[in-house]
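Worksheet for the structure shown next.
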Amino acid sequence: MRLLHIITDLRTGGAEHLMVHLLPHLRSLGHHVSLLCFDGTPTPFMQALQASGIEVHSLSRSRRMYSPVRLWQLVRFLRQHPADVVHVHNTPPQLLAALASLVLKLRLFTTEHNTHNRRRHWPGVRLIDRWLYSRFEQVVCVSQPTEHNLLAYLGKCHCHTCTVPNGVPLEAYRNAQPAADVVHTSPNAFKVVMVASLTTHKDHHTLLRAMALLPECFHLFLAGDGPLRATLEALCRDLHIAGRVHFLGIRHDVPSLLAAAHAVVLSSHSEGLSLASVEGMASGRPFVASCVDGLREVVEGGGILVPHADAQALAQALQRLHDDPAYAEQVAKQGIERANRYSMPRMAQAYHRLYQTAYRPVH
């Protein structure tokens, strides 16, 4: 089957990370798989996909996503590269693929990656979204809360949904060697790692406030970048913890970063199905997360859940992991067992069955 996935770009993020691991697995199942990026700026993710044998196309190297020119480029590409299934990710490809389906015969699928998004609060957008989602043969949701919230938002809409939990390459996290730069930074420190974009739907503020409540031996390593970096750096200075909070920027050695940690944290306001949480548990390190949609369902029974935006509870959880190595080891073992539910081969097989069930060749 000819599968074309479409995404905004391959800079960084959960959906982008997913492409790097999912598409080669779909190829190994016998499909011809290619990827189209609206913004084709070369990145390490793109290089990794190309090295694995996935053909990567791009419309341009512009970050301007919504325009008649972009729609015309997409229609022209789809005419030149017919596919049995066109599977889109992120809002710009969703919208433009839905519009393209008005003039082209397309088998459209999409993946809903988040339990919430900002546009659901914008006046008048619900009617547009009802039309948009009705254009897709299947809307694949990465968790049951994601599916529930989407259907509650859309209301009466001819939208076919299903849930396929995200997966990660578990072996890469179990066998990783610790990142040397983290290991050698304050060698005697209790190292806490969080991997997440520095954006508003994550909750770095609470984690930084928790760090201010912890002793000097605790050091925090933040992997990721985004528009809140300057704000978070300023907060570190205000809390007098700048010397033990390390901003690592975008990293492509996440398994090694997690292997260097004593504890892994994901402080967030909401998630779809967080790949970072599965990766954290798969790393064999005790994992601590906010008790919010998209994390609660994944982490419960495999890690420590703390109340949303509660810096004191988060600090107490980390302090206990530091003080009680036996407890930390128990949490880590539970995390490994929990992560086994989210293997990449299992996810790829679910997509494979979904495509086969709906398969009608495009000529």
Side-chain angles (χ1 to χ4, degrees), residues 182-183 185-224 226 228-248 254 257-271 274 276-281 283-296 298-335 338:
V182 176
V183 170
T185 300
S186 301
N188 296 321
F190 186 87
K191 297 176 172 64
V192 179
V193 171
M194 177 166 161
V195 179
S197 59
L198 308 183
T199 53
T200 54
H201 75 280
K202 306 298 181 183
D203 188 13
H204 292 83
H205 289 78
T206 295
L207 178 55
L208 294 179
R209 293 189 177 98
M211 284 294 298
L213 300 174
L214 291 165
E216 293 290 323
C217 65
F218 282 80
H219 278 242
L220 174 62
F221 297 82
L222 297 175
L228 292 186
R229 178 161 182 164
T231 301
L232 296 173
E233 289 176 333
L235 179 58
C236 289
R237 292 191 292 271
D238 292 342
L239 295 172
H240 307 291
I241 57 172
R244 52 195 184 95
V245 177
H246 311 275
F247 289 83
L248 304 178
V254 172
L257 290 179
L258 301 183
H262 294 100
V264 179
V265 171
L266 184 55
S267 181
S268 184
H269 296 300
S270 69
E271 298 286 334
S274 168
S277 65
V278 179
E279 293 165 353
M281 293 186 293
S283 71
R285 303 299 183 266
F287 183 71
V288 185
S290 307
C291 188
V292 297
D293 286 349
L295 283 172
R296 181 187 307 107
V298 180
V299 177
E300 192 168 21
I304 301 170
L305 289 167
V306 297
H308 173 237
D310 189 332
Q312 185 170 2
L314 180 52
Q316 289 173 346
L318 291 171
Q319 186 70 61
R320 184 178 178 189
L321 291 173
H322 172 274
D323 295 343
D324 190 343
Y327 170 69
E329 184 177 357
Q330 175 190 346
V331 174
K333 287 181 179 178
Q334 291 173 344
R338 184 73 173 182

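Basis for what follows: all heavy atoms, side chains included, without hydrogens, waters or symmetry-related copies.
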Over all atoms of both residues, closest heavy-atom pair of Gly243 and His219: O-CE1, 3.8 Å
Spatial distance of atom NZ (Lys191) from atom OG1 (Thr185) [nearest 0.5 Å]: 7.0 Å
Residue pair Leu295 / Ala289: nearest heavy atoms and the distance that separates them: CD1-CB, 4.2 Å
Shortest non-hydrogen separation from Val278 to Val298 and the atoms involved: CG2-CG1, 3.9 Å
Nearest heavy-atom neighbours spanning Asp203 and Ala309: OD2-CA, 3.6 Å
Pairwise side-chain contact, Val288 with Val192, heavy-atom cut-off 4.5 Å (strictly under): no
Side chain proximity check, Leu220 to Leu208, heavy atoms < 4.5 angstrom: yes
Below 3.5 Å, can you tabulate the donor-acceptor pairs from side chains in residues 324-332 to any protein atom, sequence neighbours excluded?
residue: Asp324; atom: OD1; partner: Ala326; partner atom: N; Å: 3.4
residue: Asp324; atom: OD1; partner: Tyr327; partner atom: N; Å: 3.1

Side-chain heavy atoms of Arg244 within contact of Ile241, under 4.5 Å: yes
side-chain hydrogen bond (donor to acceptor under 3.5 Å, both in side chains): pairs with one or both residues in residues 258-269, sequence neighbours excluded: Ser268-Glu271, His269-His308
Smallest separation among heavy atoms of Ser283 and Leu258, with atom names: CB-CB, 3.7 Å
Side chains of Phe247 and Leu232 in contact at under 4.5 Å (non-hydrogen atoms): yes
Side-chain donor or acceptor of Arg285 paired with backbone N/O of Gly280 under 3.5 Å: no
Residue list, ring pair (Phe, Tyr, Trp, His ring centres under 6.0 Å) with Phe221, at least two apart or on another chain: His246
Note, His205 side chain near Thr231 side chain (heavy atom, < 4.5 Å): yes
Under 3.5 Å: donor-acceptor pair, side chain of Ser290, backbone of Val292: no
Check: residues 313-322 side-chain donor-acceptor pairs under 3.5 Å, at least two apart:
residue: Gln319; atom: NE2; partner: Asp323; partner atom: OD1; Å: 3.0
residue: Gln319; atom: NE2; partner: Asp323; partner atom: OD2; Å: 3.3

Residues forming a side-chain contact (heavy atoms from CB on, under 4.5 Å) with Arg237, sequence neighbours excluded: Glu233, Ala234, Ala242
Inter-residue atom distance Arg338.CZ - Glu300.CD, 0.5 Å rounding: 7.5 Å
Evaluation steps, side chain to side chain contact (heavy atoms under 4.5 Å, CB included), between Met211 and Leu239: CA-CA 9 Å; Met211 284 294 298; Leu239 295 172; over 6 Å; no
Euclidean distance, Asp310 CG relative to Thr206 OG1, rounded to 0.5 Å: 8.0 Å
Minimum-distance pair of heavy atoms, taken over all atoms of Val193 and Ala261: CG2-CB, 3.5 Å
Contacts of type side-chain contact (heavy atoms from CB on, under 4.5 Å), residue Ala196, not counting sequence neighbours: Met194, Lys202, His204, Leu266
